[in-house]
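The first residue of the sequence shown is numbered 1, and numbering continues consecutively from there. These values consider heavy atoms only, across backbone and side chains, with no hydrogens, waters or symmetry-generated copies.
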Amino acid sequence: HSIVASAKLVSLADRLDRCSQVGVSALLWGPPSSGKTTVIDYYLQRLGDKEGIFRLSLTWIVFYLDVSEQTDAKALLGTQVASPHQPGQFHFVPGMLTRAALHDRGGSLLVIEDLHLASIEVLSVLLPIIHRREIYSPPAGEMVALSPRFQLIATSSAPSLPASMVNLIDGALHVVEVGPLTMVDLEEIIKQRYHFDAALCSILLALYGRLVGASPKGLFRLCNRLELFLSEAASGLDESTRQAILLEAFDCFGAHLAS
C-alpha cells in the first residue's frame with residue numbers, strides 16, 4: 001500500500017525538511033511501531049516528488065546503517081585493503097559513513113537505525129559530523145568538510161536517551177519526537193488506505209482499543225488480510241469466510257487476548 005499522508009506524518013516530514021535546509025542532523029525518537037520508518041519513507045517520497053536537481057531517482061543516494069554495540073567504528077570510515085594485483089601494496093576502501101558523507105554527485109542521506117545502541121567509539125566518529133559537518137579522512141590524515149547536500153537522520157526507540165547520546169546531541173542534533181499512533185491517527189490511516197466502510201472501521205478500532213500492548217502493525221496486518229477476504233467475497237461473506245476472518249484476527253492479536 002502507498003503511504004497515507006496523515007496530518008501527523010506531514011508535520012513530521014516538514015520538520016525533517018527544515019533540518020535539511022539549515023544543515024542540521026535529526027533524531028526521530030519514539031516508541032516501537034510509532035511510525036519512525038514511515039516518516040523517513042514519506043520524507044524520501046517527497047524528495048522524489050520535487051522537480052529538478054532534487055529528483056531522488058537521479059541525484060539522491062540513501063545509505064541505511066543499523067548500529068549495535070558490535071559496530072566497528074573504523075570500518076564505518078574505511079579500511080586499508082591489500083591489492084590483489086600488486087603484492088605488498090594497499091589501497092583505501094571507504095566505509096559506508098565516508099561514502100555517504102563525501103558523496104558529491106548529488107544529495108546523500110544517511111539513515112542510522114537504533115542510534116541508542118551505538119558504542120562510545122561509534123558516537124565519537126559521528127561527533128564531528130553532527131557538530132561541525134566534517135569527517136576524518138584516513139587517506140588525508142585530517143578532517144575534511146562534508147558534501148554540502150549530505151543529511152543525517154537517526155532513529156531511537158529507547159525509553160530515555162543514554163547520557164552518551166545526550167552529550168552527543170548537545171543542541172546539534174535536532175530531536176523530533178514521534179509519539180505513539182493515536183486512535184485518530186489509526187482511523188485516518190485505515191479509512192484512506194483500505195476504504196473500509198465506517199461500520200467496519202469502528203469495529204476494528206474498538207477491537208484494537210480493548211487490547212493491552214497490541215502493536216499497530218498487528219492491526220494493519222489484520223486489515224491487509226480483511227481487504228483480501230472482502231475482495232474475494234464480492235457477493236457477501238459466507239460462514240466459512242467469517243470463520244477464516246476470526247482465525248486471522250486471533251492470529252494477529254491472540255497473544256494480547258490471552259493476556
Nearest atoms (heavy-atom pairs only) where [X] meets [Y]:
| X | Y | value |
| --- | --- | --- |
| Val144 | Leu102 | CG2-CD2, 4.0 Å |
| Ala73 | Glu121 | CB-CG, 3.4 Å |
| Gln192 | Val4 | OE1-CG1, 3.4 Å |
| Pro180 | Lys8 | O-NZ, 3.4 Å |
| Thr71 | Ser119 | O-OG, 4.3 Å |
| Tyr42 | Ala13 | CD2-CB, 3.6 Å |

Among residues at least two apart in sequence or on other chains, which ones pass salt bridge (Lys or Arg N to Asp or Glu O under 4.0 Å) with [X]?
| X | value |
| --- | --- |
| Asp14 | Arg46 |
| Arg225 | Glu248, Asp251 |
| Lys74 | none |

**No-hydrogen, no-angle side-chain donor-acceptor test under 3.5 Å, Thr182 and Asp185** =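 Yes, because at least one side-chain N or O of Thr182 sits under 3.5 Å from a partner of the opposite role on Asp185.
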Check whether any side-chain heavy atom of [X] sits under 4.5 Å from a side-chain heavy atom of [Y], and report yes or no.
| X | Y | answer |
| --- | --- | --- |
| Glu113 | Leu65 | no |
| Leu222 | Asn224 | no |
| Pro128 | Met143 | yes |
| Ile153 | Tyr43 | yes |
| Leu115 | Leu123 | yes |
| Tyr64 | Ile112 | no |
| Leu109 | Leu152 | no |
| Thr37 | Thr155 | no |

**Set of ring pair (Phe, Tyr, Trp, His ring centres under 6.0 Å) partners for Phe196, sequence neighbours left out** =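 Counting only residues at least two positions away or on another chain, Phe196 forms a ring pair (Phe, Tyr, Trp, His ring centres under 6.0 Å) with Tyr194.
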Would you say [Y] ends up clustered with [X] if hydrophobic residues are merged whenever their side chains have heavy atoms under 4.5 Å apart, either directly or through other cluster members?
| X | Y | answer |
| --- | --- | --- |
| Leu247 | Ile203 | no |
| Met183 | Ile189 | yes |
| Val184 | Leu181 | no |
| Leu205 | Phe220 | yes |
| Val24 | Leu12 | no |

Taking [X] for the side chain and [Y] for the main chain, is one N or O donor matched with an acceptor at less than 3.5 Å?
| X | Y | answer |
| --- | --- | --- |
| Ser137 | Glu142 | no |
| Lys36 | Leu27 | no |
| Asp197 | Leu200 | yes |
| Lys191 | Ala198 | no |
| Ser108 | Ala100 | yes |
| Trp29 | Ala154 | no |
| Arg133 | Ser147 | yes |

Could you state the interatomic distance from [atom1] ([X]) to [atom2] ([Y]), rounded to the nearest 0.5 Å?
| X | Y | atom1 | atom2 | answer |
| --- | --- | --- | --- | --- |
| Leu110 | Arg99 | CG | CZ | 10.0 Å |
| Cys223 | Leu186 | SG | CG | 9.0 Å |
| Ser156 | Asp114 | OG | CG | 7.0 Å |
| Leu219 | Tyr208 | CG | OH | 6.5 Å |
| Thr38 | Leu9 | OG1 | CG | 7.0 Å |

**Prompt:** Taking it one step at a time, do His174 and Arg15 satisfy side chain to side chain donor-acceptor pair (under 3.5 Å)?
**Reply:** CA-CA 9 Å; His174 182 66; Arg15 294 182 64 180; 3.2 Å; yes
**Message:** Does Glu187 form a side chain to side chain contact (heavy atoms under 4.5 Å, CB included) with Ser202? I'd like the steps, not just the answer.
**Reply:** CA-CA 8 Å; Glu187 182 178 13; Ser202 297; 6.0 Å; no
**Request:** Let me see the working for Ser6 and Glu188 under side chain to side chain donor-acceptor pair (under 3.5 Å), right down to the final yes or no.
**Result:** CA-CA 7 Å; Ser6 64; Glu188 182 178 5; 4.7 Å; no
**Request:** Could I get the full list of side chain to side chain donor-acceptor pair (under 3.5 Å) partners for Arg132, not counting sequence neighbours?
**Result:**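 Per chain and number, Arg132 pairs via side chain to side chain donor-acceptor pair (under 3.5 Å) with Glu134.
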Output a table of donor-acceptor pairs, distance under 3.5 Å, between side-chain atoms of residues 76-97 and any protein atom two or more places apart or on a different chain; print 'none' if there are none.
{"residue": "Ser83", "atom": "OG", "partner": "His85", "partner atom": "N", "Å": "3.4"}
{"residue": "Ser83", "atom": "OG", "partner": "Gln86", "partner atom": "N", "Å": "3.2"}
{"residue": "His91", "atom": "ND1", "partner": "Val81", "partner atom": "O", "Å": "3.4"}

